[in-house]
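All heavy atoms count here, side chains included; hydrogens, waters and symmetry mates do not. The residues of the chain are indexed from 1 along the displayed sequence.
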Amino acid sequence: DYTLTKPENLVDTYLVEIEDVPESFSYQVRINDARSDEFRVTAIARPEIESLGATQIYPDYTGIEPSEHQPGDFYLFPGSQLTLRLGASKPLAEAMLRLIGPDIEIPFDVAENTASFEVPTEGLSGFSITMRDREGMAAKEPAVFRAELLGDEPPRVRITHPTRSDELVTRTARSLIAFEATDRFGIASVSLNFRVNGADRRAVELDIGAADKPQTVLKHQYEWELAEIEPPLQEGDTVEYWISAQDRQRVAPGIGESAHLRLRIVSIADKRQDLLRRASDYLGAVNTTTEEQVRLNQDLGELIRAKAK
């Protein structure tokens, strides 16, 4: 039995609330010896999710085949197209998918019980699903599923020549720059970046070949004509430069950079002195190595003679 209560703001009205009705039932109201007619309540089951699957179609540039996912395995790659397939316990009038983080709502096609969306580049931590069946009964609460975005590291770039971080050059020199760039899904473009005396960055896009052929490991070199820089370089100027590479991701391209190196603009005489000094250092290192080798040979000879005795 349930006791009805009379709200203060209603006249001749008594109420009772029965939560979580498990099955249909009949009822009548009794006041003292008086009884009402008998009425029938039909319990309607709320819609529930019986199954949920998803197909992830990756961006073309990745070269990855589509993959199937279930709850607990929603690892999503940014820029992919994800299609969810909902298995409901009852025919639905409507269902809504809400992305947690971006807070975007996407309606299900209830004829097929599917919903599709492009995986965002950041912020997505999961999604929830709400449902209402054709009898107007809604699911008790949204079903929530965790999702995790897979990271796509930017390209790795390093300058392989010159090996010194600080070089002396003349203002009309031709500077050879060799570099290596690597990326899991391929390099889309490469630029030589530089700034003169700390001014604004300037960039020269380099020709790396056909864009339709992804290069996951790119080894390239570029002859930089310093005389073509405008306004012309002057002795005493400092040129900071580095190589940047952009990957093939279209939604939010990753950009990697090499270490920053420097060119110092000097006179021809200063450059000649620099070359002579470096040559002298190299020859000194060779002489030192030769002398050490001679000493080792002498020590080895003495050891062999000592054992022979």
Side-chain angles (χ1 to χ4, degrees), residues 47-133 139 141-157 180-190 208-218 244-256:
E48 297 179 349
I49 295 177
E50 294 184 336
S51 64
L52 183 66
T55 301
Q56 181 172 197
I57 300 177
Y58 298 86
D60 292 339
Y61 71 85
T62 65
I64 302 176
E65 294 295 322
S67 57
E68 298 298 318
H69 301 265
Q70 303 291 333
D73 182 38
F74 289 127
Y75 296 98
L76 310 179
F77 191 85
S80 295
Q81 192 73 19
L82 190 73
T83 299
L84 292 170
R85 300 180 303 277
L86 174 64
S89 60
K90 305 173 66 179
L92 299 176
E94 62 180 13
M96 187 67 69
L97 171 70
R98 186 174 71 84
L99 305 186
I100 300 174
D103 198 23
I104 297 173
E105 290 191 337
I106 302 162
F108 273 84
D109 176 1
V110 292
E112 301 290 337
N113 278 3
T114 59
S116 299
F117 66 93
E118 184 175 289
V119 179
T121 59
E122 59 183 4
L124 180 67
S125 60
F127 52 86
S128 64
I129 298 175
T130 56
M131 302 178 295
R132 186 173 60 83
D133 65 24
E141 57 187 18
V144 179
F145 301 90
R146 182 176 178 272
E148 184 174 333
L149 292 177
L150 296 175
D152 180 17
E153 296 294 325
R156 296 184 179 181
V157 188
E180 180 179 292
T182 59
D183 186 79
R184 178 183 177 187
F185 300 116
I187 305 297
S189 63
V190 174
I208 59 172
D212 58 341
K213 296 180 180 179
Q215 302 181 71
T216 57
V217 178
L218 174 67
S244 63
Q246 179 175 304
D247 64 23
R248 294 167 59 86
Q249 187 175 163
R250 290 186 294 271
V251 179
I255 298 176

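By the salt bridge (Lys or Arg N to Asp or Glu O under 4.0 Å) test, Glu148 is found to be paired with Arg146, residues two or more places apart in sequence or in another chain being considered. For Ser189, the side-chain contact (heavy atoms from CB on, under 4.5 Å) criterion is met by Glu205, Gln246, not counting sequence neighbours.
At least one side-chain heavy atom of Ile49 sits less than 4.5 Å from a side-chain heavy atom of Phe145.
Distance alone, capped at 3.5 Å, places no donor-acceptor pair between the Asp247 side chain and the Ile187 backbone.
For Glu48, the CD atom is loosely surrounded, since the number of other residues' heavy atoms within 6.0 Å does not exceed 12.
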Please tabulate, for the side chains in residues 92-105, all donor-acceptor contacts under 3.5 angstrom to protein atoms that are two or more places apart in sequence or on a different chain.
from: Glu94; atom 1: OE2; to: Arg132; atom 2: NE; distance (Å): 3.1
from: Arg98; atom 1: NH1; to: Asp103; atom 2: OD1; distance (Å): 3.1

Show every donor-acceptor pair shorter than 3.5 Å between a side-chain atom in residues 108-131 and any protein atom, with sequence neighbours excluded, or say none if there are none.
from: Asp109; atom 1: OD1; to: Ala111; atom 2: N; distance (Å): 3.1
from: Asn113; atom 1: ND2; to: Leu86; atom 2: O; distance (Å): 3.4
from: Ser116; atom 1: OG; to: Thr83; atom 2: OG1; distance (Å): 2.8

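Here the shortest heavy-atom pairing between Ala188 and Ile208 reads O-CD1, 3.8 Å. Annotation for Gly254 and Pro154: closest pair C-CB, 4.1 Å, computed over non-hydrogen atoms. Between Gln70 and Gly53, the shortest heavy-atom contact is OE1-CA, 4.0 Å.
The distance from atom CG of Leu218 to atom CD of Glu180, rounded to the nearest 0.5 Å, is 8.5 Å. Atom OG1 of Thr182 sits about 6.5 Å away from atom CZ of Arg156, to the nearest 0.5 Å.
Residue pairs meeting the side chain to side chain donor-acceptor pair (under 3.5 Å) criterion with at least one partner in residues 54-66, sequence neighbours excluded, are Thr55-Glu68, Thr55-Arg85, Gln56-Tyr58, Gln56-His69, Gln56-Ser80, Tyr58-Ser67. Here ring pair (Phe, Tyr, Trp, His ring centres under 6.0 Å) pairs that include residues 76-105, with residues two or more places apart or in two chains, are Phe77-Phe185.
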